[in-house]
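Step one of this worksheet: look at the structure below.
Treat the numbers as computed from the prediction; the structure is a model and nothing was measured. Numbered from 1 within each chain, the chains take letters A, B, ... in sequence-line order.
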2 protein chains.
Amino acid sequence: VSGLKFLEYRFFVRDLSIEFYIGIIVVIFTGLGIWVGLKFTRKKIVFVGPEFVLDVSTLERLEISKREYEVLELIAKGLSNQEIADKLFVSLNTIKTHSSNLFLKLEVSRRTQAVQKAKDLRLIP
Amino acid sequence: VSGLKFLEYRFFVRDLSIEFYIGIIVVIFTGLGIWVGLKFTRKKIVFVGPEFVLDVSTLERLEISKREYEVLELIAKGLSNQEIADKLFVSLNTIKTHSSNLFLKLEVSRRTQAVQKAKDLRLIP
DNA sequence: ATTTAAATCATCCTTTTGGGTGATCCGTTT
DNA sequence: AAACGGATCACCCAAAAGGATGATTTAAAT
């Protein structure tokens, strides 16, 4: 306040009220507090594992059915057609049909390519 | 200040200086500023792509040769043995030998499993 | 009621892949 | 010089995968 009064004395002629000085002080120290708060806060670093978000729109665009998607997932896990058939309780032929249709829709000709492309398209993690 | 003086009047008998009140105000509003600064700071979120680091020790432990590793990479890209042979300018039989040895070392029996396991072992991204 | 899409299974045939074995060549190590 | 690991290739056989086509059933949509 003394400093402010001194400044007032030097540069102005008006006599300012004590409330005015207090207002200025409030503003200045609130600002200081904000600055300190920002300055000494550790930046909160959040490591985000690349959260997989299924691209449903692509799934729909390619008209991939639920069953085909199941087969795709199991193919991606490295299972053979026979193993997939056993796991889904259907015949090997059925799985071959599903995978064939899947390859057509994904525009690939091998299961390894299907896995690659499906990952690129965010259909599987 | 008026509020403070009122409080002083109510609960204390001493006559406190204006500097004292200003000190209190400074402390209060600096604290307020700090609070605001912390409250409205967005947490800094850093997305960390899962930086792939090749696990050389595993590669050496499994005694996977350079050529075999090359084949592994191309298998992971979805190439057929014939395509790999063309790309590396060797015969199909050579690739079959390499992939067979690779499967032995990775303890798998299919290329899709090899890709899966190689990823788990951090041999490929 | 008819159409449609999904899921199921089959048959036939071809290509790809995997497993086993053996052989040659070439550097490096012993 | 001999041994060794690596890279290369061949041949054989069996299993797996892929492509094409057709058929049946069922549930949902029109």
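With C:dT11, C:dT8, D:dG18 as the candidates, the nucleotide lying closest to the side chain of A:K96 is D:dG18. For B:R111, taking side-chain heavy atoms from C-beta onward, the closest of the listed nucleotides D:dT8, C:dC9, C:dT17 is C:dT17. For A:T97, the side-chain atoms get nearest to C:dT8 when compared with the rest of D:dA10, D:dA7, C:dT8.
At C:dT16, none of the side-chain N or O atoms of B:N81 fall inside 4.0 Å of OP1 or OP2 (strictly under the cut-off). Within the 4.0 Å cut-off from OP1 or OP2 of D:dG18, not a single side-chain nitrogen or oxygen of A:R110 is found. The side chain of A:S65 contributes an N or O atom lying less than 4.0 Å from OP1 or OP2 of C:dA7. Considering only side-chain N and O atoms, A:S100 lies nowhere under 4.0 angstrom from the phosphate OP1 or OP2 of D:dA17. Within the 4.0 Å cut-off from OP1 or OP2 of D:dT8, not a single side-chain nitrogen or oxygen of B:T94 is found.
Rounding to whole angstrom units, CG of residue A:L79 and P of D:dA16 are separated by 13 Å. In this structure, CD of A:E83 is placed 15 Å from P of D:dA15, rounded to the nearest angstrom. In this structure, CG of A:L88 is placed 11 Å from P of C:dA7, rounded to the nearest angstrom. Here the C1' atom of nucleotide C:dG19 and the CG atom of B:L106 are 16 Å apart, to the nearest Å. Distance, B:N101 CG to C:dG22 P: 15 Å, rounded to whole Å. Summarising the geometry, the separation between CG on B:L104 and P on C:dG20 is reported as 7 Å, rounded to the nearest angstrom. Rounded to whole angstrom, the span from the CG atom of B:L102 across to the P atom of C:dG18 amounts to 10 Å. Rounding to whole angstrom units, CG of residue A:L92 and P of C:dA10 are separated by 9 Å.
Listed by chain and number, the hydrophobic cluster partners of B:L54 are B:F52, B:V56, B:L59, B:L62, B:I64, B:Y69, B:V71, B:L72, B:L74, B:I75, B:L79, B:I84, B:L88, B:V90, B:I95, B:L102, B:F103, B:L106, B:V108, B:V115, B:L121, B:L123, B:I124, where partners are ILVMFWY side chains within reach of under 4.5 Å, directly or through others. In this structure, B:L104 stands alone, with no Ile, Leu, Val, Met, Phe, Trp or Tyr side-chain heavy atom under 4.5 Å from its own, directly or through other members.
Under the 4.0 Å criterion applied to side-chain N and carboxylate O atoms, B:K87 and B:E73 are not assigned as salt-bridge partners. Residues A:E63 and A:K105 are not paired through a salt bridge, judged by the lack of any N-O separation under 4.0 Å between the basic side chain and the carboxylate.
B:D86 and B:Q82 share a side-chain donor-acceptor pair at under 3.5 Å.
In terms of position along DNA chain C, the nucleotide closest to A:H98 lies nearer the 5' end than the nucleotide closest to the other residue of the pair A:H98 and A:N93. Place A:Q82 and B:K66 on DNA chain D by their nearest nucleotides, and B:K66 ends up nearer the 5' end.
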